[in-house]
Amino acid sequence: MVYLFRSFTFSLILFLLAGCATSKKAEISNQTKDDGKIQIAILQMNDVYEIGGLDGGKVGGLARVSHFYKELKQKYPQSMMVLAGDFLNPSLIGTMRYEGDRIRGRQMVDVLNNIKLDVVAFGNHEFDIPEEDLQKRINESNFDWLATNLAQICGNKEYPFYKEIQGKKHFLPESKVYEFKDDDGTSLRLGMFSATINSNPVGYVHYLNPDSCASVEITELKQKSDLLIGLTHLTIAEDLAFAKNHPEVSLIMGGHEHDHNYQKVGNTMVAKADANAKSVYVHILSYDHSKKMGTVSSELVFMDEKIGLDVEATMVIKKWSAILDAEIKKVFAEPYQIIYHAEQPLDGKETTTRYKPSNMGVLFAESIMHASKHDAQIGFLNSGSIRIDDELEGDILAVDIFRALPFGGAIYDVKMKGSLLLGIMRYSEKSKGLGAYLQYTGLEKMGDSWMHDGQEIDPKKEYMVAMTDFLLRGLDIPFLNEENDGILSIHKPINGDKDDFRQDVRRAIIEYLKTL
Ligand SMILES: [Zn+2]
């Protein structure tokens with residue numbers, strides 16, 4: 001009896017399931033048969049250094065991107081999210097320690113996993129972090145990494161970069177075909193390749209020619225894709241030249257530059273969004289199999305206060321922000337206090353700060369000079385200490401100064417001979433493009449001469465210069481070290497003196513900006 005009952009129930013369920021399946025099949029074949037047309041959406045970000053929002057949380061932030069993407073997916077169930085390089089570095093959180101190691105992009109991979117990013121290209125900044133840490137980040141990631149023109153150098157040999165999953169090495173693909181299928185069964189095979197700029201020479205990376213490597217991939221992808229798209233990290237000039245040479249590519253989603261840009265070259269679109277997810281691009285790719293033709297329509301969407309915050313992503317971001325806040329509070333009690341309002345954007349981009357005096361660099365140098373306890377006449381810092389590679393605008397929070405100068409350090413008042421000062425400034429001029437290039441105040445360059453207060457620097461006179469302690473280690477300017485004969489005295493900050501802001505350059509800048 002029991003057996004019969006069971007058997008009956010079992011077959012009834014089977015029957016119901018079978019009924020279900022048949023009716024669904026019938027529904028598909030009667031009402032929606034493959035129309036040969038498909039639409040997919042791609043959300044593009046590039047150059048994202050911060051997991052949280054900027055300008056006091058009002059713009060950008062990956063919680064906002066995630067919220068927006070979930071809504072986009074409602075409208076376009078066939079969609080993907082991509083990041084065109086530069087995301088592991090620089091960031092303030094990345095410089096801090098967690099579970100014994102420097103964080104170095106772990107926070108970013110954690111959040112990108114949470115928001116279900118699909119694929120990244122390598123940017124130059126991915127290679128800022130040591131090889132071992134980069135490997136950990138790749139292994140931790142749940143998304144794809146395309147490495148079209150990159151090889152990893154191991155001793156005398158070269159191999160593709162890899163991801164280690166459960167002890168097994170899987171080489172990263174040079175390109176990949178992503179397949180989509182819509183409700184009526186129309187499919188789309190999207191062939192994607194990448195290209196990474198050769199601008200960050202490090203021992204473990206061999207950059208192959210991006211154009212020729214991508215060309216090889218395109219030839220292969222053509223056989224197995226309906227549409228071809230690139231996820232690149234090149235200069236806009238390189239992207240445009242590439243588009244011109246490859247009219248078969250529908251869309252190039254690029255990065256590296258930090259301002260949004262959209263250009264058409266023949267039938268190829270080249271798009272870059274604003275850095276730090278201040279904006280994202282939404283590309284709608286439509287494909288018609290009967291015409292074998294695809295179209296791209298793109299919209300730049302600003303990630304501002306109109307967009308909500310995803311709750312899950314916010315939780316992950318908060319976990320990492322708490323580590324950051326605890327570290328900052330050791331130097332300044334209120335990380336989110338507004339300390340200054342910048343009417344004009346303060347330029348902390350490396351393309352500015354490493355080549356000429358920038359308003360951000362000069363303001364920092366003034367702060368350093370202002371913090372002096374020995375009436376410094378001149379202040380400077382190495383442009384390499386400015387790591388934000390972005391602009392600061394509007395309300396500036398204390399935490400922004402830590403973002404700009406993640407490594408901090410003390411300020412020393414250094415009395416030196418004019419001859420040494422001149423040597424330093426000449427070295428700085430020769431270091432354009434490098435971190436040793438100085439941002440300064442109290443000096444003016446006129447022709448080949450250096451002036452202070454309207455007078456040419458006298459090699460025999462003495463000058464009091466406030467500078468960051470890092471510079472005195474001789475790592476950027478080799479002869480600028482405590483042993484140099486041109487240095488007459490060094491005045492270090494007084495330990496335990498709460499009013500001596502020289503103990504941390506960020507504190508000195510915050511206190512100075514508050515007075516303006
Ligand atoms: Zn870049």
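Atoms within each ligand, like the ligands themselves, are counted from 1 in listed order. Each residue takes its place number in the sequence, starting with 1.
At a threshold of 2.8 Å, the Zn ion (ligand 1) has a backbone or side-chain N, O or S atom of H233 nearer than that distance. Residue contact annotation: D86 places an N/O/S atom under 2.8 Å from the Zn ion (ligand 1). When distances to the Zn ion (ligand 1) are checked against a cut-off of 2.8 Å, S199 contributes no N, O or S atom below that limit.
Between V59 and the options I307, D274, L54, a side chain to side chain contact (heavy atoms under 4.5 Å, CB included) holds for only L54.
When you scan the N, O or S atoms of H256 for the one nearest the Zn ion (ligand 1), you land on ND1.
The number of heavy-atom neighbours closer than 6.0 Å to NZ of K75, taken from other residues, nucleotides and ligands shown, is 12 or below.
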Worksheet item: Between N382 and L438, does a side-chain contact (heavy atoms from CB on, under 4.5 Å) hold up when you go through it step by step?
Response: CA-CA 5 Å; N382 55 318; L438 299 180; 4.3 Å; yes
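Side chains of D400 and Y340: a donor-acceptor N/O pair is absent below 3.5 angstrom, by distance only.
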